[in-house]
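Just so it is clear: chains get the letters A, B, ... in the order the sequence lines come, proteins before strands, and each one is counted from 1. Predicted, not measured: the structure shown is a model, and the values here were computed from it.
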Amino acid sequence: MPELPEVETIKRDLQKVILGRKITKVCIYNPAVIRQPLPSAFKKHLKGLVVKTILRRGKLLILELSNGSALTVHLRMTGQLVLGQKPGNPGGSKASRVTFHLSGGRILDFNDQRLFGELRLVDDWRKIKFIQGLGPEPFDLTYSDFKDMFSKKKTKIKPLLMDQSFIAGIGNLYAAEILFCARVDPRRQARSLTEGEKQAIYRETKKVLKSAIAHGGSSIDDYVRLSGKPGDYRKFHRVYGRQGKPCFVCKGLIKKINQGGRGTYFCPKCQK
DNA sequence: AATGGGACCTGCGCGC
DNA sequence: TGCGCGCAGGTCCCAT
């Protein structure tokens with residue numbers, strides 16, 4: 001499932017391939033993923049615009065276009081952006097929902113099995129509600145700001161890490177990995193954490209995300225890179241999806257519990 | 001304020 | 001073989 005490292009990977013892949021290209025045609029196979037404006041207007045307004053800049057905020061991908069508007073892409077759980085092989089062939093994937101034809105013969109496919117993903121064409125991406133509700137980017141955050149955000153929070157540390165208004169970009173998978181590396185039990189109340197534990201979480205957040213980006217993200221379920229190839233970070237997962245398997249540190253068994261309707265993986269022995 | 005649940009979706013793996 | 005069920009989780013929204 002795409003979180004910050006996966007979206008960042010796609011952003012970097014896209015920068016190499018589609019910057020400066022013109023959108024020549026948009027084919028919509030399932031209008032449900034176009035959230036704004038109506039599909040017909042989406043298609044019409046995009047045609048002829050050039051991709052000027054590619055950004056990421058949290059898990060949202062932003063393509064700034066030549067007239068100042070922006071195409072935003074949220075992959076949610078099963079969304080993919082992949083380079084199409086054959087022009088005019090929507091059958092690259094049965095989940096192909098929208099195809100962008102670009103100058104130079106490039107094809108960009110938006111696939112999304114579950115139709116949770118969102119494409120928007122907006123005048124000013126800074127004004128969209130989702131952006132305005134986002135907390136700081138993990139890599140921009142200083143320790144003193146991070147610490148302050150913690151102190152009042154009664155909530156459990158794992159749901160807090162996943163709260164996008166707290167920090168942008170961390171989802172279920174990386175929250176679990178970060179807490180394992182920081183040796184903190186995901187059920188701990190945020191405000192109960194010691195100075196040392198907060199420092200560890202702060203440090204491991206950056207470290208884990210950085211390493212995941214360096215390995216092209218985690219291919220779990222549907223996530224693939226722009227090329228269609230998987231990311232390699234999965235081999236480095238210490239707890240996510242490893243319930244019943246031995247902890248790499250203490251050899252005890254990794255446990256899976258339910259927290260807020262989400263699977264939480266951790267090592268009860270290493271994480272206190 | 002925090003928490004829990006449902007809604008949105010569909011493929012998959014399970015038990016029978 | 002095939003059915004029905006629960007599960008997967010990002011975000012929004014409502015209720016308690």
Q. Separation of A/Q259 atom CD from B/dA2 atom P, in whole Å?
A. 15 Å
Q) To the nearest Å, how far apart are A/M77 CE and C/dC12 P? A) 13 Å
Q. Heavy atom of residues 230-243 of chain A under 4.0 Å from DNA chain C: which residues?
A. A/Y240
Q) Are A/R126 and A/E64 within salt-bridge range, i.e. N to O under 4.0 Å? A) yes
Q | Cation-pi geometry met for A/R120 and A/F130 (6.0 Å, 45°) | A | no
**Q.** Paired and unpaired positions of DNA chain B as dot-bracket, Watson-Crick or G-U wobble under 3.5 Å, | denoting a partner strand
**A.** .|||||||.|||||||
Q. To the nearest Å, how far apart are A/F130 CZ and C/dC12 C1'?
A. 11 Å
**Q.** Flag if over 12 foreign heavy atoms under 6.0 Å of CZ, A/R35
**A.** yes
Q | Span that lies between the P atom of B/dG6 and that of C/dC5, in whole angstrom | A | 16 Å
Q | CG/A/D123: more than 12 non-hydrogen atoms of other groups inside 6.0 Å | A | no
Q: Provide the distance between the two P atoms, one in C/dC7 and one in B/dG5, to the nearest whole Å.
A: 12 Å
Q) How close or far is atom P of B/dC9 from atom CZ of A/R76, stated in whole angstroms? A) 11 Å
**Q.** Flag for A/K206-A/Y202: side-chain donor and acceptor within less than 3.5 Å
**A.** yes
(Q) Using a 5.5 Å cut-off between ring centres and planes within 30 degrees, is A/F116 stacked on the base of B/dC8? (A) yes
Q) Where the side chain of A/T9 meets the backbone of A/P5, is there a donor-acceptor pair that is under 3.5 Å apart? A) yes
(Q) I'd like to know if the side chain of A/E197 reaches the main chain of A/V184, judged simply by a donor and an acceptor atom lying under 3.5 Å from each other, with no hydrogens or angles considered. (A) no
(Q) Can you measure A/Q189 atom CD to B/dA2 atom P for me and round it to whole angstrom units? (A) 10 Å
Q | Any residue of residues 153-169 of chain A with a heavy atom less than 4.0 Å from an atom of DNA chain B | A | A/K153, A/K154, A/T155
(Q) It should be established whether A/Q113 places a side-chain nitrogen or oxygen under 4.0 Å from OP1 or OP2 of nucleotide B/dT10. (A) no
**Q.** d(OH, A/Y174; P, C/dG10) in whole Å
**A.** 11 Å
Q: Say whether, by atom type as modelled, one donor and one acceptor occur between the side chain of A/R56 and the main chain of A/G58 under 3.5 angstrom.
A: yes
Q: Give a yes/no on whether any side-chain N or O of A/H74 is located under 4.0 angstrom from OP1 or OP2 of C/dG10.
A: no
Q) So, the side chain of A/R188 versus the backbone of A/K272: is there a donor-acceptor pair under 3.5 Å, distance only? A) yes
Q.
Looking at A/R114 and C/dA8, is any side-chain donor or acceptor paired with a base atom of the opposite kind under 3.5 Å?
A. yes
Q: Let me know which of A/E3, A/K158, A/E177 forms a side chain to side chain donor-acceptor pair (under 3.5 Å) with A/N172.
A: A/K158
Q. Any chance the side chains of A/Q113 and A/T78 put a donor and an acceptor closer than 3.5 Å?
A. no
Q: Report yes if a side-chain nitrogen or oxygen of A/K129 is closer than 4.0 Å to either non-bridging phosphate oxygen (OP1 or OP2) of C/dC13; otherwise report no.
A: yes
Q: Mind calculating the distance between CG (A/L60) and C1' (C/dG10) to the nearest angstrom?
A: 12 Å
Q | Spacing between A/R262 atom CZ and C/dC12 atom P, to the nearest angstrom | A | 12 Å
Q | Ring-ring centroid check A/H237 A/Y265, cutoff 6.0 Å | A | no
